[in-house]
There are 2 protein chains.
Amino acid sequence: MKRSQEATVEGTGRRAGLDRADVVLAALRLVETEGADALTMRNLAGRLEVTTTTIYWHVGGRDELITELIRYQSEIQAARPIEGETPHERVVSLARHIWESARENRAITSLAHQNGATSLLERPLEIALVHELQVAGVTGAAAAEAHRAILATVGGLLIQALRDESIIPANRRSEALWADTDPELGLDAATIDALAQPADLDALFESTINAVVAHILAKPEPVKRRSRPAAAKAAGPAKNKTKRARKSTTKRTTKSNG
Amino acid sequence: MKRSQEATVEGTGRRAGLDRADVVLAALRLVETEGADALTMRNLAGRLEVTTTTIYWHVGGRDELITELIRYQSEIQAARPIEGETPHERVVSLARHIWESARENRAITSLAHQNGATSLLERPLEIALVHELQVAGVTGAAAAEAHRAILATVGGLLIQALRDESIIPANRRSEALWADTDPELGLDAATIDALAQPADLDALFESTINAVVAHILAKPEPVKRRSRPAAAKAAGPAKNKTKRARKSTTKRTTKSNG
DNA sequence: GTGTTACTTGCACACTGTTACAGACGGACT
DNA sequence: AGTCCGTCTGTAACAGTGTGCAAGTAACAC
């Protein structure tokens, strides 16, 4: 928070000294400290000691705020070195980056997920993943399929992980359901017991992602190629409104591709 | 909708002829026809031509309503025959059941997902899956791991599928992001193009789930066995589980079977 | 001075889930 | 017959949510 000076006290004419970036940053802090559900316009405004209208003036709306917040966070998460020598190792390493950064930033991940911005949050890492697949010799439709398979696997485990911190009534949580299973069903007691225990998701991640990546890299490239004359969309008009042409000095360091 | 008779016209004393099941069923229809977000108490009340208070009286609250709705739907979805001869085929068949029933009932799946009731919705199929794994010789901790890996894979693909019908702003959708990718990044054009196209999720499902199941069934049972004396919980008192205990003054009729 | 731009506020609207309270109907009991 | 009570149903409200309109003032340009 910079906020040039606390300036005047109150009234419509006072200068709060707020910046668009200030609002986004405050929102980020708010989500990190109090969780995704705490990000309400009034809550954020109160934290900045202004009214909601001021927030709206600066960022334009909740959706825009979230988009910018996620985009900002996505650049932070991109800064992880890819480890490993073989293509398999490096691809798994990247998947692990997605996994770990999501787990380390549960609240923001949760926020992104609730608002359909997961792709946006993972975007830099997704780009790096495509690049790594390309280096491994996987391109075109096969690369798209591989990419999606990996993301689906990570994402699936992720929702299990996020469920744990979410405030879900006990009678809906998976472990509770298994602990309550009717013994008449003839299911193995040890299995039920294992299912009623909290899962070791990190181990599950390693095991599953390795299987999926191995499957992907082993698969020969599909021969049938859809002849499709490439993006006509990229030249289209830039959406509708964006008020402020997204300043930011982004310029990612592209540490993972070249 | 049975509603004994349209009965009296209006006023506090009129009989709307509503049943707890009627409300749940109406909610189900509402979700199916207008989507998960349309399930609001006022909306549902309006559809039944009563006020929200009546809904509350019958079902107790939104959470309870959803729980019952999901539980009802879960039993419908359970009615699918398992196909295949080999364990692999049968496990994949079950996973496909989860996948297909979720895709065929997007709105309810979406509702369950938003409210953390996914486990509840898939419960009968999950039980069948555990059973099938057991028949295949996978039990205990290995079964739990296998079970979770399969569910994560299906779930991950599912959120991709649900994203498509969700009303997500265009600039956050994955395909749009890829269509907008900076060509300077040095990524293969054919790959980007493939990623900008809508995915064939059914094919992706088949491919990925087969790999995961193959990996699971091939894995030898872990030798290192955590010395855990097994189910002490299975016999214990079933949590505190209130389910029906909470209600201020009036005691509801507990009409739902036993 | 006057005018314009950049912010900030107050207030309102339409929603959401939920509840306290008060009715009215129907049957049981006296 | 009168009374009581449990079973519904409605009215109105509360505290929240995102969002937009009109007005206000400070800072700056002239």
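Just so we're clear, the structure is a prediction, and the values are computed from it rather than from any experiment. Within every chain, numbering begins at 1; the chains are lettered A, B, ... in the order of the sequence lines, protein sequences first and strands thereafter. Hydrogens, waters and symmetry mates play no part in the numbers below; they use all other heavy atoms, side chains included.
- Panel note: side chain Arg80(B), backbone Arg96(B); no donor-acceptor pair is recorded below 3.5 Å.
- What separates CG of Asn115(B) from P of dG17(C) is a distance of 11 Å, to the nearest Å.
- The phosphate of dT19(D) (OP1 or OP2) has no side-chain N or O of Thr53(A) nearer than 4.0 angstrom.
- Rounded to whole Å, the distance from CZ on Arg20(A) to P on dC7(C) is 12 Å.
- One interatomic measurement links the two molecules: CD1 of Ile55(B) to C1' of dC8(D), which rounds to 13 Å at whole-angstrom precision.
- The separation between Leu48(B) atom CG and dT9(D) atom C1' is 13 Å, rounded to whole Å.
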Name the atoms and distances for all side-chain donor-acceptor pairs under 3.5 Å in residues 110-124 of chain B, with sequence neighbours left out.
| from | atom 1 | to | atom 2 | distance (Å) |
| --- | --- | --- | --- | --- |
| His113(B) | NE2 | His113(A) | NE2 | 3.0 |
| Arg123(B) | NH1 | Leu177(A) | O | 3.1 |
| Arg123(B) | NH2 | Thr181(A) | OG1 | 3.0 |

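- Taking atom CD of residue Glu49(B) and atom P of nucleotide dG10(D), one finds them 10 Å apart after rounding to whole Å.
- Of the possible donor and acceptor atoms, one in the side chain of Asp22(A) sits under 3.5 Å from a partner among the backbone N and O of Asp19(A).
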Table of protein N/O atoms under 3.5 Å from nucleotides 16-18 of chain D N/O atoms:
| from | atom 1 | to | atom 2 | distance (Å) |
| --- | --- | --- | --- | --- |
| dT17(D) | OP1 | Thr40(A) | OG1 | 3.4 |
| dG18(D) | OP1 | Met41(A) | N | 3.3 |
| dG18(D) | OP1 | Arg62(A) | NE | 3.3 |
| dG18(D) | OP2 | Met41(A) | N | 3.0 |
| dG18(D) | N7 | Arg42(A) | NH1 | 2.9 |
| dG18(D) | O6 | Arg42(A) | NH2 | 3.1 |

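- In this structure, CH2 of Trp57(B) is placed 17 Å from C1' of dC21(C), rounded to the nearest angstrom.
- Here Arg20(B) pairs with Glu64(B) in a salt bridge; the nearest charged N to carboxylate O distance falls below 4.0 Å.
- Put simply, the side chain of Thr208(A) never gets that close to the backbone of Phe205(A): no donor and acceptor are under 3.5 Å apart.
- The neighbour count for Glu184(B) CD, taken as heavy atoms of other residues, nucleotides or ligands under 6.0 Å away, does not exceed 12.
- Contact check, His58(B) against dT9(D): a side-chain N or O comes under 4.0 Å of OP1 or OP2.
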